[in-house]
Every structure is written in structure tokens, then in C-alpha cells.
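Being a predicted model, the structure only gives us computed values, none of them experimental. Note that these values count all heavy atoms, side chains included, but never hydrogens, waters or copies made by symmetry. Chain letters run A, B, ... following the sequence lines, proteins first, then strands; residues in each count from 1.
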2 protein chains.
Amino acid sequence: MINLERLEQQLKARGCKLTRQRRAVLRVVATTEGRLDAARVCEDARAECPEIGLTTVYRTLDILADIGALRRLHLPDGCSSYAPASPGHRHHLICVECGRAVEFEGCDLTALVDSVASRTGFEVEDHWLQLLGRCPACQARRL
Amino acid sequence: MINLERLEQQLKARGCKLTRQRRAVLRVVATTEGRLDAARVCEDARAECPEIGLTTVYRTLDILADIGALRRLHLPDGCSSYAPASPGHRHHLICVECGRAVEFEGCDLTALVDSVASRTGFEVEDHWLQLLGRCPACQARRL
DNA sequence: TACTAGTTGAAAATGATGTTCAGTTAGAGG
DNA sequence: CCTCTAACTGAACATCATTTTCAACTAGTA
């Protein structure tokens, strides 16, 4: 769960104005657990700010991804959703049934990265890792 | 580099006909190192089969991804390209400058996966890993 | 309060990909 | 070799998510 006030501060620090529309999007982002996509965020945000348009949602999600509050998810059925991202944590574990996304930390890939780098001659700058699975609730529902 | 004959056999085994168009696409796929996207494949394939259309390229790439000969790449600038995939190997290392994609094997994530699974209660089914970096040629060009 | 740079939504543009459909063809079976 | 038909094809069109445009609006500073 993301801290709403912190988000507002980050936006201000970035020179962004806090409009009614942006507040609505921030609230949705801060209170949603799991995947977010523009259409759904827009729909939810309209509860608080009925006149918000999809364009603005896209723009706001972009900013949030920029400041690191959201991270884009890449799933088998598409690459257009986001998940809340806490600072410092780097990866997501996503439930393939319900789409719930949780973060995890402590990926230690240094040995792997070093070995691949020396074998290929590449200079490895970044890595991108996602785990896919089934969350406890969906496991229970299957029994 | 992918084996052209093996691809043709795989297609046949799947009940696909080997048309001139498909042969052209296969040839491009088998002789390209690195990223492939539909538009580029189409352009290249026209050297061998000028009347091929984009539609057919999409359909053929789909089939190749299906049989595991291609794997979709997810990059910062988009998720619509593929890379040749040898059987058994699971991951790609991509050059952020030139887009060259090489495969690597030997990712041992069992410790990580186990730890995350026990911490979150998820049943982890699959993982997705990509490394991003700079290939030897692009490193040299930078000096 | 007045100002202005940042912001907004509707509409239109874009761009990748999917679908349709009437015509074509690979290749199995005679 | 033929014949036949399911598989395949490309052009045109449909979709769908996302971006751009632009004139009107507004948060927040002075």
C-alpha cells in the first residue's frame, strides 16, 4: 500500500500541480492492491472526480511511473498494466488468476549476472525479473 | 542462430503447410541475430517473396512463438519484438543500444523462488527474467 | 486579486495488431 | 502425374490502447 501524502509531496517536489483529477488518481493508486490499468483507474477515479478523462489518467500514470511509484507489469496477456512500487524494492510476484501483485525484495542475482557478463562480454546494466504464480486465496479457491 | 530445417520440420509436424511466404519468414528468422519485429521481418522477407503481406508475417510469427522458436521480448521502449529462442534456454540478455539479443542459460533461481514462496504463501509457477546491458560492439563504439 | 505556467478533456491521429473474406495453393491420396 | 480440399493468403477494414492537438481552465505564486 502506498502512502498518499508521500505521493502528493513527490508530485509537488517535481513541480506538478495537485489538481482534483490528480488527487483522484492518486487516491485510486494508493488504495488499490494489485494490478492497475488506465481504464480501470479512470473508472474508479470517476467516483471522486466524475469529469476526469482517460487522457489525464494516462498522463498521471506516466508521471507516477517516472517517479518510481508505479512499475509497469509485463504479463502473458499484455503489457499495459502497472503495480504500486515501494522505493527500494525491485520486483513483483503476480497471481496469474486474480492479478494480485505483491512486491518482494532480496533478489540476489550478482552471481548469475557476473557469470553471464563474463561469458557474453556484455556489460549488464539492469535486470528485470517477475515471478508468476498463484496467491494463497486463489489456491484455496481451487481446492 | 536457429536451424532452418528444424523449423520447417516443426511446422510440418504441427500440420502447417510450407508456403513460399512462410519459407521467407523462416529464413529471416533463422538468419537474424537479435530483435525481430513484424514490420522488419516483413521488409526483409520481401527480398525473397515480394508479395508477402504483413498479415501473414504476424500469423507466422505467432506460430513460431507457439512452437517456442521465438520468445517475446519486453523492452523499455515496447513489448512488440521477438528474439530467436533455442529449445531449453530460457532467458535473454539484450543490448540497450543496438537491440542485439543473446540467450543465456543456467539461471538458478530456486533459492530465491523458495524464499519468496515461503514468505508470501504464493505458489510460484514461472519466472521471467531479462538482463539489459551493452554488448561488446557497442561498448567499443563508445570509447 | 491577478497572472501564468501547468493542466485539462474532447476529438482526432496514430500504430500495432486482429478479423474478414473471396481467391489461391500445398501436398495428401488416388 | 491429376484432383481435391483444408490450409493459407493479402487487401481492406476493424479494433484497441495510447498519443497528440488545441483551446479553455486553474492551482498556486507574487
Quickly work out the A/R46 CZ to C/dA10 C1' distance and round it to whole Å.
11 Å
Whole-Å distance between C/dT8 C1' and A/I63 CD1?
12 Å
Between B/I63 and B/R22, is there a side-chain heavy-atom distance shorter than 4.5 Å?
yes
Any protein N or O atoms within reach of nucleotides 16-18 of chain D? Criterion: under 3.5 Å, listing atom names and distances.
| residue | atom | partner | partner atom | Å |
| --- | --- | --- | --- | --- |
| D/dT18 | OP2 | A/Y58 | OH | 2.4 |
| D/dT18 | O5' | A/Y58 | OH | 3.3 |

On the nucleotide D/dC8, are OP1 or OP2 found under 4.0 Å from the side-chain N or O atoms that B/R59 carries?
no
Do A/L129 and B/W128 have side chains that get closer than 4.5 Å, going by heavy atoms?
no
Quick one: A/E51 CD to D/dA24 P, roughly how many Å, whole number?
19 Å
Is a side-chain N or O of B/H74 found less than 3.5 angstrom from the main chain of B/S80, in a donor-acceptor match?
no
Where along residues 5-21 of chain B does a heavy atom come under 4.0 Å from DNA chain D, residue by residue in number order?
B/C16, B/K17, B/T19, B/Q21
Let me know, please, whether B/D62 or B/R23 comes out on the 5' side of the other along DNA chain C by nearest nucleotide.
B/D62
State whether the number of non-hydrogen atoms from other residues, nucleotides or ligands found under 6.0 Å of B/R40 atom CZ is greater than 12.
no
Do A/H127 and A/H91 have ring centres separated by under 6.0 Å?
yes
Is there a donor-acceptor contact under 3.5 Å from the side chain of B/R72 to the main chain of B/C79?
yes
Please report the distance, rounded to the nearest Å, between CZ in A/R22 and C1' in D/dT26.
12 Å
For A/E43, give me all partners under salt bridge (charged side-chain N to carboxylate O under 4.0 Å, His left out), at least two apart in sequence or on another chain.
none
So do the side chains of B/F104 and B/L131 get within less than 4.5 Å of each other, counting heavy atoms only?
yes
Taken to the nearest whole Å, CD1/A/I52 to P/C/dT7 is 13 Å
